[in-house]
Amino acid sequence: MVPEYNPSKIEKTAQEKWLKEGRFKSKPDNRQKYYCLSMFPYPSGKLHMGHVRNYTIGDVISRYKRMNNFNVFQPMGWDAFGLPAENAAIANKVSPKDWTNQNIEHMKKQLISLGLGYDWSKELRTCEPQYYKWEQLIFKKFYEKGLVYKKKSIVNWDPVDETVLANEQVIDGKGWRSGAKVELKEIDQWFIKITDYADELLSSLDEVDWPENVKTMQKNWIGKSHGAEIKYQIADTSKYLTVFSTRPDTIYGVSFIAISPNHEIALDLAEKDSQVKNFLNKCNETSSAEAYMTKAEKLGIDTGMKAIHPITKKNIPVWIGNFVLLDYGTGVVMGVPGHDQRDFEFASKYNLDITQVISLGSDDALPITNKGTLVNSDIYNDLSSDDASLKIISQLKSDELGEGLVQFRLRDWGVSRQRYWGCPIPVIYENGEAKLVEEKDLPVTLPDLPEKSAPIPLSQNKDFYNVSEEIKRETDTFDTFMDSSWYYARFTAADNESEIFDENTKYWLPVDLYIGGIEHAILHLLYSRFFHKALRDMGMVDGNEPFKKLLTQGMVLKDGAKMSKSKGNTVDPQSYIDKYGADTVRLYMMFTAPPEQSLEWSESSVEGASRFIKKVWNLVIDKKYISIDMPNKFSKEEMDLRRKTHSTLKKVTSDFESRFSFNTAIASIMELLNAIPEDFKKSDAADSKKFCLNESITIILKTLNPIAPHISEFLWDHFHQESSLDSIESSWPEVQENLLEVSEFELVIQINGKVRGKVLADIDFDQDKIEEIAKKVENVSSNLEGKDIKKSIYIKGKIINFVV
RNA sequence: GGGGAUGUGGUGGAACUGGUAGACACGCUUGGCUUAGAACCAAGUGCCGCAAGGCGUGGGGGUUCGACUCCCUCCAUCCCUACCA
């Protein structure tokens, strides 16, 4: 009687064994190191499909590397501060801390039940003082290095709840809980000068092995542009409006100046003019999210002020425009409706002049946003855009009305949050003057909440902020991106309580492979890269970049949309683990789509993965390995199987090694399994057949081990029970190249690019011989009859094409 | 609005370097096994057509002996857009 496949039993046994023997604990040794990191999760309650996919990819690669004799470090931790814990606290009257820790305990069990090989001795939680103590220290060092400052900045303000809202909490311009119209409000906040590193963040992208699309997104985000700062004098005053423009060549086409509603001048004007005031109020009824602002209808109001064009000296109107961002450039733009889409729409709406100053030579329908040749530009006519820009900048410079300038789109990083569940910013105010908390007084610990209390912001917690009559604490907490910007480095010394980093940090960094969702392609990765560079400059880590190679996995979709609670289209992985076992879920995840692509969840495909696992089980479970000497001769059938076995191994190895293409690797293992003839599996099969079968079983189990580690290790041990072979993960098998050579191939015969026939041909035949046998093929000869062959193209070992 | 992707059978996907489009799987159809079902096994399955044959990789155009692959253009969907993580 063949024992039935019982995944829950063999998986649990294997997982307990791995934990007990500490199989995934890593320490430096003389092998080549491989630090494989998957983005740590926010502990939202239970694992979702995106986590399962992400962590399976990381584990498959880690196990593969381990079989290839790498010293692998694969840690896991928790991005434990954040908004959802506060929401849960309000909804369920549990403290954010308890809620978070309970979630972590549950999710950790789930990770273990998926068979993920983490070094749990380095686990970390960002909400614990032993983690954020070091974050506060880093902030202090940033401050001492001049990378930290305070300035006013705009937030979403809910006037009913009297709280700051995240962009996510603003729905259609209204607060999600109160439903009140959200207002923009300026408050004092801490900023980190990431822009000091803008140039290096851009240039050192060349040093990393990252997907081109991610590099492009980062480049565009940083947005280095060459342009000019141009000063427009305000008529009848001695004041100037300074604009930044990337297109000084279009300066003769300026027909208005637009300033941000939050610009000083606009605010001053509102004091005197009620119409302007009303307009500004209207502009402030919006979300601060860029996507929201720029999609909103373009609105403007004429201030009545005039600005003097720096070259033509004509008066041009000054408007306030809701599309002008205060934080980008100078908060003032010059409107060139002929050559900018947005300005064109604005000018059309408010009947402002539209002048063409750039020509492409033909089809001059405005707006023309490309560069071209100047027209209507006085002495600059007929120059190219680039030449004209240089000359115009030099004229402005000699008139002291402007200069050439490099501008970045990247803005400094606002790290203040007015929330409870975050890392306290380690600052005290002594008689109003900000000072960083002394190192010996760190950490500044987040106070616990009273039993069953809703989150109380630190600004309402007198015991916390009131140190003495003169000394008050900062009550903002850090953006949670701070927490996740350096955890990759802390993992290497996570159990070291006396130092932030140690000699292990030097050994393990940089991360050799970082795996995570494509949605983090810009912000998280940019902040981490900045942190690494700043830490490097303080002598705390080595190297310029934290993540050598990056693998961005696609989203897990259901019905074409990202799985999310808010959309109500989530699928709980746990039920599938319970029903089919972790190996099946892992196999399904790897088989259904290549890692970079989005994965559309399909209920029924899981069945297929399960079926394959059972087939492997049924193949091996009733057999025991018997040592057989290699036979002198093999039959054709035996040779075919050996060739298939080794070509599969070659395919799987290259799929793992060069392109992380697990779906095709699995497909070829399935092919191999299907290719084993029935009579090879019989207990009374000839020794030569058993030899070939041994070889196939070995390759199937070994190549499957990174993907489905429980069943393959179980079957391996079971198969070798009576022999004394090494453990399954001791090595990755080697391809026997000599078995792959073939003397014959199937020649495809085309006429004018259409397939007309196929015939077996010798690989060594020359083109004449190939043509000769190709013309003899029935369907080919009939199709060639009465036609002139103009040309024939032969691609060796593949195809011949007759052009008639 | 800006930036980045994706688009191939009924479905997920394969075709890696311009060389047989649809590997591998799901689903479906037929048959076997079974009292019946599940499971399992075997065969078939891009579309139109009785067939010969023709058509076919989001739409349109181009380069090439040959295009899913390269170029131009249009369309649709998804992700990010600085306070979700």
Side-chain angles (χ1 to χ4, degrees), chain A residues 39 41-42 44 79 81-84 87 155-156 164-170 194 211-214 216-217 219-221 223 287-296 298 323 327 341-342 345 409-419 479-481 484 517-524 526-527 552 554-555 557 560-562 564 566 588 591-594 596-609 611-612 614 618 654-655 658-659 661 663-664 666-671 674 746-755 758 790-793 795 798-804:
Chain A
M39 290 181 185
Y42 178 79
S44 55
D79 190 11
F81 275 134
L83 210 46
N87 297 336
V155 295
N156 301 311
V164 175
L165 298 178
N167 286 331
E168 193 191 44
Q169 298 172 314
V170 181
I194 190 172
E212 274 313 311
N213 62 328
V214 176
T216 306
M217 281 191 255
K219 273 179 195 154
N220 291 337
W221 185 263
S287 156
S288 65
E290 183 193 315
Y292 194 90
M293 288 174 90
T294 50
K295 256 183 250 163
K298 280 157 203 61
F323 56 91
D327 288 333
Q341 185 65 40
R342 199 182 47 192
E345 286 166 25
R409 206 188 78 98
L410 181 69
R411 308 196 295 255
D412 277 336
W413 178 12
V415 295
S416 291
R417 296 292 179 274
Q418 298 69 41
R419 309 196 196 289
D479 175 9
T480 54
F481 274 125
S484 56
I518 183 70
E519 65 271 25
H520 295 291
I522 298 174
L523 293 179
H524 163 61
L526 195 68
Y527 293 141
T552 48
M555 225 82 45
L557 309 177
K562 182 180 174 176
S564 72
S566 56
Y588 166 77
F591 180 60
T592 302
E596 286 93 345
Q597 271 179 43
S598 56
L599 183 154
E600 173 71 35
W601 175 256
S602 144
E603 192 81 27
S604 53
S605 293
V606 189
E607 283 287 346
R611 218 173 278 170
F612 172 68
K614 282 185 198 151
N618 291 335
S654 90
D655 283 350
S658 61
R659 48 180 206 151
S661 169
N663 56 332
T664 53
I666 293 165
S668 64
I669 302 172
M670 287 174 169
E671 275 186 58
N674 294 342
E746 192 184 45
L747 174 72
V748 173
I749 306 148
Q750 295 183 331
I751 297 170
N752 285 347
K754 282 195 201 289
V755 180
K758 291 169 193 176
K790 282 192 204 153
K791 198 169 153 187
S792 58
I793 295 131
I795 308 295
K798 280 183 179 159
I799 205 163
I800 182 152
N801 188 12
F802 294 109
V803 185
V804 297

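The sequence lines fix the lettering, A, B, ..., with proteins before strands; numbering per chain opens at 1. Basis for what follows: all heavy atoms, side chains included, without hydrogens, waters or symmetry-related copies.
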Identify, with sequence neighbours excluded, every residue that meets side-chain hydrogen bond (donor to acceptor under 3.5 Å, both in side chains) alongside A:Gln418.
A:Gln189, A:Asp476
With both distances kept under 3.5 Å, what pairs with B:rU17, Watson-Crick or G-U wobble?
none
Locate the shortest heavy-atom distance separating A:Ala166 from A:Arg419; write the atom from each residue and the value.
N-NH2, 3.7 Å
Taken to the nearest 0.5 Å, the spacing of A:Asn618 CG from A:Arg611 CZ works out to 13.0 Å
For B:rA51 and B:rA15, measure between their C1' atoms and round to the nearest Å.
31 Å
Sticking with atom P, work out how far B:rA42 lies from B:rC26, rounded to a whole angstrom.
12 Å
Rounded to whole Å, please give me the gap between NZ in A:Lys219 and C1' in B:rG2.
18 Å
Quick one: pull up CD in A:Glu519 and CE in A:Met555 and give me the separation to the nearest 0.5 Å.
5.0 Å
To the nearest angstrom, the CD-C1' distance between A:Glu607 and B:rG12 comes to 15 Å
Distance in angstrom units between A:Phe802 CZ and B:rC65 C1', rounded:
12 Å
Which letters describe nucleotides 18-25 of chain B, given B = protein heavy atom under 4.0 Å from base, S = only from sugar-phosphate, - = neither?
-BBS-BBS
Rounded distance (nearest 0.5 Å) linking atom CD1 of A:Ile666 with atom OG of A:Ser661:
9.5 Å
Between P of B:rA38 and NZ of A:Lys614, the distance in whole Å
14 Å
Identify the nucleotide, in any strand shown, that forms a Watson-Crick or G-U wobble pair with B:rA5, with both distances under 3.5 Å; if there is none, say none.
B:rU77
Rounding to an integer number of angstrom, what distance separates B:rG46 and B:rU11 when you compare their C1' atoms?
13 Å
Taking only side-chain N and O atoms of A:Asn220, does any of them lie within less than 4.0 angstrom of OP1 or OP2 on B:rG2?
no
Between A:Asn167 and A:Ser288, the two heavy atoms sitting closest are OD1-OG, 3.4 Å
Between A:Tyr588 and A:Ser658, which is nearer to the 5' end of RNA chain B once each is assigned its nearest nucleotide?
A:Tyr588
In B:rG9, glycosidic geometry as syn within 90° of 0 or anti otherwise:
syn
Between A:Leu526 and A:Phe481, is any pair of side-chain heavy atoms under 4.5 Å apart?
no
Heavy-atom pair of closest approach, residues A:Asp412 and A:Ile194:
OD1-N, 3.3 Å
Please round to the nearest 0.5 Å and tell me the distance separating atom CZ of A:Arg409 and atom CH2 of A:Trp221.
5.0 Å
Could you measure between the two P atoms, the one in B:rC47 and the one in B:rG12, and give it in whole Å?
16 Å
Does any nucleotide pair with B:rA42 by Watson-Crick or G-U wobble geometry, both distances under 3.5 Å, and what is it?
B:rU30
Grab the NZ-P distance between A:Lys791 and B:rG66 for me, whole Å please.
9 Å
If we take the C1' atom in both B:rG53 and B:rG4, what is their distance in whole Å?
45 Å
Distance check, C1' atoms only: B:rG37 and B:rA43, in whole angstrom units.
23 Å
Considering every strand shown, what is the Watson-Crick or G-U wobble mate of B:rA67 when both distances are under 3.5 Å?
none
Pairwise side-chain contact, A:Val803 with A:Asn752, heavy-atom cut-off 4.5 Å (strictly under)
yes
In whole angstrom, give the distance that lies between atom CE of A:Met217 and atom P of B:rC79.
13 Å
Determine the Euclidean distance between corresponding P atoms of B:rU8 and B:rG3; express it in Å to zero decimal places.
25 Å
Which class fits the ring pair A:Trp413 and A:Tyr527: parallel under 30°, tilted 30 to 60°, perpendicular over 60°?
parallel
Atom pair distance, as rounded to whole Å: CG in A:Asp655 and C1' in B:rA15:
12 Å
In whole Å, what separates the C1' atom of B:rA5 from that of B:rC50?
46 Å
Could you state the NZ-C1' distance from A:Lys754 to B:rG54, rounded to the nearest angstrom?
9 Å
For B:rC84, the nucleotide meeting Watson-Crick or G-U wobble distances (both under 3.5 Å) is none
Could you run through nucleotides 80-85 of chain B and give me one letter per nucleotide, 5' to 3': B if any protein heavy atom sits under 4.0 Å from the base, S if only the sugar-phosphate is that close, - if neither?
SBBBBB
